[in-house]
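So the structure is just underneath, and the comments pick up after that.
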Amino acid sequence: MAQKHELHQIATLFTESFMEYPLYSLLLAPSKDYEKQLYQVNYTNTKSYYQQNSCFVGLMNGNIVSAVLLKKRGEKSPGFFRYLLNGGLTLIAQMGQKRLNHFLKTLDKMKAACAPYGENGWYVDCFAVAKGYQGQSLGSALFNEFIFPYIRTNGGGWITLVTHTELNKKFYGKNGFELFSESSLGLDPNSIPNYSFRQVIDIPLQLLHNIPVFKNE
């Protein structure tokens, strides 16, 4: 579990990892303030999940080398007012109300395939390995040695997530996830792929009768 004094470091880890990530290149205005806006997005999100005891970190020699924001089964994702109090007003000042509205609507569209799992599912909102530590199987270790066992000991269930690159698509497939929906975000020629993945971790029997069925879009 992350500590409050680590929030800046975690948000910085996410920011450095996502500087060239297609989702944020699509949503944030290209400008000299791009990194500043991206940091504020990540700090607001990280703090909101921390307040729900849903921000976790991987350590190596005392250093944070990976982090994950995980919506737990039986709980809702942080709401609009929590985001507003944790930095949303700063985002409005940086991005403008119109762009922020577009940002939020796109995120809703991005998560649409995962939404039917609702409160009965786990959702990986954000996951990254720190630069300088990538390519060392630390991401796989975080899932297989912490996230999956954590879910298993807390009732199991479906875990879903969304990603936007072929590299990540291969990573999640390698770690047991199933691609169950594929769509796109944005307008051509600047649209990006939107891959929704799921995996079941020791699902309770009472949830088996209500598994959403999807067709690729």
Side-chain angles (χ1 to χ4, degrees), residues 1-2 14 21 23-24 26-27 41-42 44-56 67-88 91 100-128 142-144 146-164 168-169 171-173 175-186 192-217:
M1 192 82 67
F14 284 141
Y21 193 61
L23 176 66
Y24 296 111
L26 176 71
L27 294 178
V41 167
N42 285 307
T44 300
N45 205 29
T46 299
K47 186 175 181 180
S48 298
Y49 271 88
Y50 162 78
Q51 291 173 343
Q52 295 191 173
N53 297 315
S54 299
C55 177
F56 305 92
V68 61
L69 307 180
L70 180 67
K71 187 202 80 67
K72 300 175 182 177
R73 185 166 69 87
E75 296 184 2
K76 295 181 180 180
S77 298
F80 174 77
F81 289 107
R82 184 181 293 272
Y83 282 124
L84 197 65
L85 293 173
N86 287 333
L91 279 174
L100 183 58
N101 287 341
H102 172 68
F103 186 103
L104 296 174
K105 288 179 180 179
T106 303
L107 292 184
D108 286 341
K109 182 180 178 182
M110 178 191 81
K111 300 176 183 179
C114 298
Y117 291 87
E119 292 186 34
N120 286 326
W122 303 74
Y123 180 76
V124 178
D125 185 273
C126 193
F127 163 71
L142 184 63
F143 272 95
N144 291 288
F146 170 70
I147 295 176
F148 295 155
Y150 181 82
I151 291 175
R152 193 170 289 115
T153 58
N154 285 277
W158 286 95
I159 176 174
T160 61
L161 57 86
V162 179
T163 193
H164 310 283
N168 288 353
K169 185 179 176 183
F171 169 81
Y172 290 115
N175 284 284
F177 284 88
E178 169 201 3
L179 176 64
F180 72 97
S181 179
E182 184 174 347
S183 59
S184 63
L185 297 174
I192 63 171
N194 191 62
Y195 304 119
S196 299
F197 283 86
R198 66 184 175 187
Q199 182 172 171
V200 62
I201 308 294
D202 294 343
I203 189 167
L205 291 177
Q206 63 267 29
L207 297 182
L208 283 174
H209 71 284
N210 193 30
I211 298 173
V213 177
F214 300 89
K215 294 181 180 179
N216 284 346
E217 298 179 29

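Predicted model, so just to flag it, every value in this text is computed and none were measured.
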Does any N or O in the side chain of [X] come within less than 3.5 Å of the main-chain N or O of [Y], such that one atom is a donor and the other an acceptor?
| X | Y | answer |
| --- | --- | --- |
| N194 | M110 | yes |
| N45 | V41 | no |
| E178 | V200 | no |
| N168 | H164 | no |

For the atom pair [atom1] ([X]) and [atom2] ([Y]), what is the distance rounded to the nearest 0.5 Å?
| X | Y | atom1 | atom2 | result |
| --- | --- | --- | --- | --- |
| N175 | N144 | CG | CG | 5.0 Å |
| S183 | I192 | OG | CD1 | 9.5 Å |
| E75 | Q52 | CD | CD | 6.0 Å |
| Y50 | N86 | OH | CG | 11.0 Å |
| L85 | F80 | CG | CZ | 9.5 Å |
| L91 | T44 | CG | OG1 | 4.5 Å |

Might you point out which heavy atoms bring [X] and [Y] nearest each other, and give the distance in Å?
| X | Y | value |
| --- | --- | --- |
| R73 | G156 | NE-O, 2.8 Å |
| I151 | W122 | CG2-NE1, 3.6 Å |
| M1 | N53 | SD-O, 3.4 Å |
| F146 | P149 | O-CD, 3.3 Å |
| V162 | C114 | CG2-SG, 3.9 Å |
| S77 | K71 | OG-CD, 3.3 Å |

Report yes if the distance between the aromatic ring centroids of Y195 and Y172 is under 6.0 Å, otherwise no.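 That pair fails the under 6.0 Å test.
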Quick check: do [X] and [Y] have side-chain heavy atoms less than 4.5 Å from each other?
| X | Y | result |
| --- | --- | --- |
| L27 | L107 | yes |
| K169 | P193 | no |
| T160 | K111 | no |
| L70 | F56 | yes |

Mind telling me whether F180 and Y117 have parallel, tilted or perpendicular rings, with 30° and 60° as the class edges?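 Perpendicular: the ring planes of Y117 and F180 meet at over 60°.
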Should the ring pair F197 and F177 be called parallel, tilted or perpendicular, given that the plane angle runs from 0 to 90° and is split at 30 and 60?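 The rings of F197 and F177 stand perpendicular, inter-plane angle above 60°.
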Between I201 and I147, does a side-chain contact (heavy atoms from CB on, under 4.5 Å) hold up when you go through it step by step? CA-CA 10 Å; I201 308 294; I147 295 176; over 6 Å; no
Start with the C-alpha distance between F103 and Y24, add both sets of side-chain angles, then the distance that settles side-chain contact (heavy atoms from CB on, under 4.5 Å), and finish with yes or no. CA-CA 9 Å; F103 186 103; Y24 296 111; 4.3 Å; yes
Test of understanding: with ring-ring contact (aromatic ring centres under 6.0 Å, His included), list the residues that count as partners of Y83, not counting sequence neighbours.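 By the ring-ring contact (aromatic ring centres under 6.0 Å, His included) rule, Y83 matches no residue at all.
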Could you go step by step and tell me if F127 and L142 meet the side-chain contact (heavy atoms from CB on, under 4.5 Å) rule? CA-CA 10 Å; F127 163 71; L142 184 63; 3.4 Å; yes
From CA spacing to verdict: side-chain contact (heavy atoms from CB on, under 4.5 Å), N154, K72: CA-CA 9 Å; N154 285 277; K72 300 175 182 177; over 6 Å; no
